[in-house]
Undergrad: 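I'd like to ask you about the structure that follows.
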Protein chains: 2
Amino acid sequence: MSRPGSDLTLLLLAGFRTLADQGAAELARRGHEDVRPVHDFALHAIHSGADSASELGRRMSVTKQAAAKTIATLEERNYVAREPDPADGRRVRLRVTDHGLAMMQLGQEIFDELRERWEAQVGAESLAALEETLRSLVGDNAIRLDSPGWLARDMDAVSPPAPADRG
Amino acid sequence: MSRPGSDLTLLLLAGFRTLADQGAAELARRGHEDVRPVHDFALHAIHSGADSASELGRRMSVTKQAAAKTIATLEERNYVAREPDPADGRRVRLRVTDHGLAMMQLGQEIFDELRERWEAQVGAESLAALEETLRSLVGDNAIRLDSPGWLARDMDAVSPPAPADRG
DNA sequence: CTTGATGGACAACCAGGTTGTCTACCTAAG
DNA sequence: CTTAGGTAGACAACCTGGTTGTCCATCAAG
């Protein structure tokens with residue numbers, strides 16, 4: 001039974017998983033056992049401006065409650081610090097700690113290494129072509145970093161029905 | 001901040017998600033609202049021989065308990081039927097119902113259509129090259145259909161530590 | 001000062017997984 | 001025939017990451 005459509009889908013999943021799993025494993029090996037890709041992802045979002053639970057939730061297409069939970073574990077593990085916003089009594093400002101920055105840095109190095117390894121395996125041209133093709137296919141959805149549960153655990157993914165959060 | 005490694009990873013994820021989400025949506029539109037890709041996946045496994053909870057668990061790299069839960073919902077929704085095995089008093093045989101077969105069929109059509117749409121967008125050669133490159137990169141992990149939670153919900157992914165199930 | 005929107009917290013609940021434990025049943029070895 | 005070991009399945013407790021729903025404090029605008 002040949003099923004080109006499913007095969008392609010699974011192939012993309014396998015590719016993602018291979019990279020993600022290896023990345024997570026390497027990250028663990030280098031001292032960040034308590035991190036999951038969601039965490040790295042959330043950290044990037046926070047660092048690039050999503051400095052409150054609500055905002056983080058928006059960026060990740062997740063309810064603010066879910067974002068708050070993520071933040072709570074991030075804070076527990078010292079990747080992020082929470083400080084009251086002097087200018088707005090409702091808000092609690094988020095700040096990526098040095099430990100968090102180190103993890104982000106490490107994560108970037110690791111993934112870049114993994115990509116280089118792939119380049120060595122199939123050649124720079126093939127890989128570049130793959131990226132180009134994929135990029136033009138996914139278009140807008142490309143780097144929409146709103147990967148809800150998509151990066152949880154060692155990696156998971158959920159595409160919830162665009163939470164409204166009537167709260 | 002250019003991060004080639006992360007970008008590639010996210011690109012693969014985006015590709016997978018695009019296909020998976022569109023597929024799930026289309027499946028819902030055509031009458032299978034209560035299905036998630038895991039279900040389609042499990043159905044295939046069952047249909048191709050994993051006709052017991054334990055075996056299904058093995059195929060999906062998930063505990064037999066988790067498999068049993070999936071089976072329970074599949075049975076509830078009439079995609080699968082459970083019948084005692086006349087030859088082995090311990091086993092409960094699984095059988096994909098007509099409704100289940102119809103869903104599998106529909107799913108295949110949908111995903112094939114999606115692939116064709118992609119082919120039309122970037123050309124058959126590019127897409128074939130992409131598949132070829134990816135296939136050679138993921139190698140063994142390729143069609144390892146053991147995508148645990150990886151397909152749950154509208155799609156999620158988990159890579160659990162190869163459950164042993166001491167039960 | 002009231003009204004409405006926003007930020008955050010809390011509780012209840014769900015899906016999908018994992019352990020751990022227990023029973024029933026098959027099988028092979030004495 | 002009996003017993004010991006392994007396998008199938010069920011049940012319960014628990015975890016994670018998400019979702020509602022609700023409520024309060026605070027800001028911003030009229």
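The figures that follow rest on heavy atoms only: side chains count, while hydrogens, waters and symmetry mates do not. Within every chain, numbering begins at 1; the chains are lettered A, B, ... in the order of the sequence lines, protein sequences first and strands thereafter. From a predicted model like this one, the values you see are computed outputs, not experimental measurements.
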Undergrad: Whole Å only: how far is the CG atom of B:Leu74 from the C1' atom of C:dA15?
TA: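 Rounded to whole Å, this separation is 14 Å.
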Undergrad: Side chains of A:Glu109 and A:Gln105: any donor to acceptor distance under 3.5 Å?
TA: yes
Undergrad: Give the rounded distance in Å between these two atoms: CZ of A:Arg36 and P of D:dC15.
TA: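 Interatomic distance, CZ of A:Arg36 to P of D:dC15: 16 Å.
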Undergrad: Under 4.0 Å between a side-chain nitrogen and a carboxylate oxygen: does that hold for A:Glu76 and A:Lys69?
TA: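 Result for this pair is no, no salt bridge flagged.
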Undergrad: Is the distance between the ring centroids of B:His39 and B:His44 under 6.0 Å?
TA: no
Undergrad: Can a side chain N or O of B:Ser52 be found less than 4.0 Å away from OP1 or OP2 on D:dA8?
TA: no
Undergrad: Would you check if the side chain of A:Ser136 reaches a backbone N or O of A:Thr133 as a donor-acceptor pair within less than 3.5 Å?
TA: yes
Undergrad: When the distance from CG of B:Asp34 to P of C:dC14 is rounded to whole Å, what number comes out?
TA: 18 Å
Undergrad: Using whole Å, report how far CD1 of B:Ile71 lies from C1' of D:dC11.
TA: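 B:Ile71 atom CD1 is separated from D:dC11 atom C1' by 16 Å.
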Undergrad: Give me the distances for all protein-to-nucleotides 11-13 of chain C N/O pairs that come in under 3.5 Å?
TA:
none

Undergrad: Between A:Leu56 (CG) and C:dA9 (C1'), how many Å, whole number?
TA: 16 Å
Undergrad: If only side-chain N and O atoms of A:Arg58 are considered, is one of them under 4.0 Å from the OP1 or OP2 phosphate oxygen of C:dG7?
TA: yes
Undergrad: Does any N or O in the side chain of B:Ser54 come within less than 3.5 Å of the main-chain N or O of B:Lys64, such that one atom is a donor and the other an acceptor?
TA: no
Undergrad: What is the distance, rounded to the nearest whole Å, between atom CZ of A:Arg82 and atom C1' of C:dG7?
TA: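 Result: 11 Å.
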Undergrad: What does A:Thr70 touch in the nucleic acid at a heavy-atom separation under 4.0 angstrom: a base, only the sugar-phosphate, or nothing?
TA: sugar-phosphate
Undergrad: Return the value, rounded to whole Å, for the distance between atom CD of B:Glu55 and atom P of D:dG9.
TA: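 Nearest whole value for this atom pair: 10 Å.
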Undergrad: Assign each of B:Ala53 and A:Ala67 to its nearest nucleotide of DNA chain D by heavy atoms, then name whichever residue's nucleotide is nearer the 5' end.
TA: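 The residue mapped nearer the 5' terminus is B:Ala53.
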Undergrad: Is there a side-chain contact (heavy atoms from CB on, under 4.5 Å) between B:Arg90 and B:Asp85 once you walk through the steps?
TA: CA-CA 8 Å; B:Arg90 295 166 302 178; B:Asp85 185 332; over 6 Å; no
Undergrad: Decide, yes or no, whether a salt bridge links B:Glu55 with B:Arg91 under the criterion of side-chain N to carboxylate O below 4.0 Å.
TA: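 Not counted as a salt bridge, because no side-chain N and carboxylate O are separated by less than 4.0 Å.
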Undergrad: For C:dG8, does either OP1 or OP2 sit under 4.0 Å from a side-chain N or O belonging to A:Ser54?
TA: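 Checking C:dG8 against A:Ser54, a side-chain N or O does come within under 4.0 Å of OP1 or OP2.
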Undergrad: With the threshold set at 4.0 Å, does a side-chain nitrogen-carboxylate oxygen contact exist between A:Glu83 and A:Arg93?
TA: no
Undergrad: Using 4.0 Å as the upper bound for N to carboxylate O, is an ion pair formed by A:Arg95 and A:Glu75?
TA: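 Judged by the 4.0 Å cut-off on N to carboxylate O distance, A:Glu75 and A:Arg95 do not form a salt bridge.
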Undergrad: Using a cut-off of strictly less than 4.0 Å, decide whether A:Thr63 has a side-chain nitrogen or oxygen near OP1 or OP2 of D:dT19.
TA: yes
Undergrad: Measure from the side chain of B:Lys64, starting at C-beta and using heavy atoms only, and say which of C:dA9, D:dG9, D:dT19 lies closest.
TA: D:dG9
Undergrad: Of all of residues 84-96 of chain B, which get a heavy atom below 4.0 angstrom from DNA chain C, listed by number?
TA: B:Asp88, B:Gly89, B:Arg90
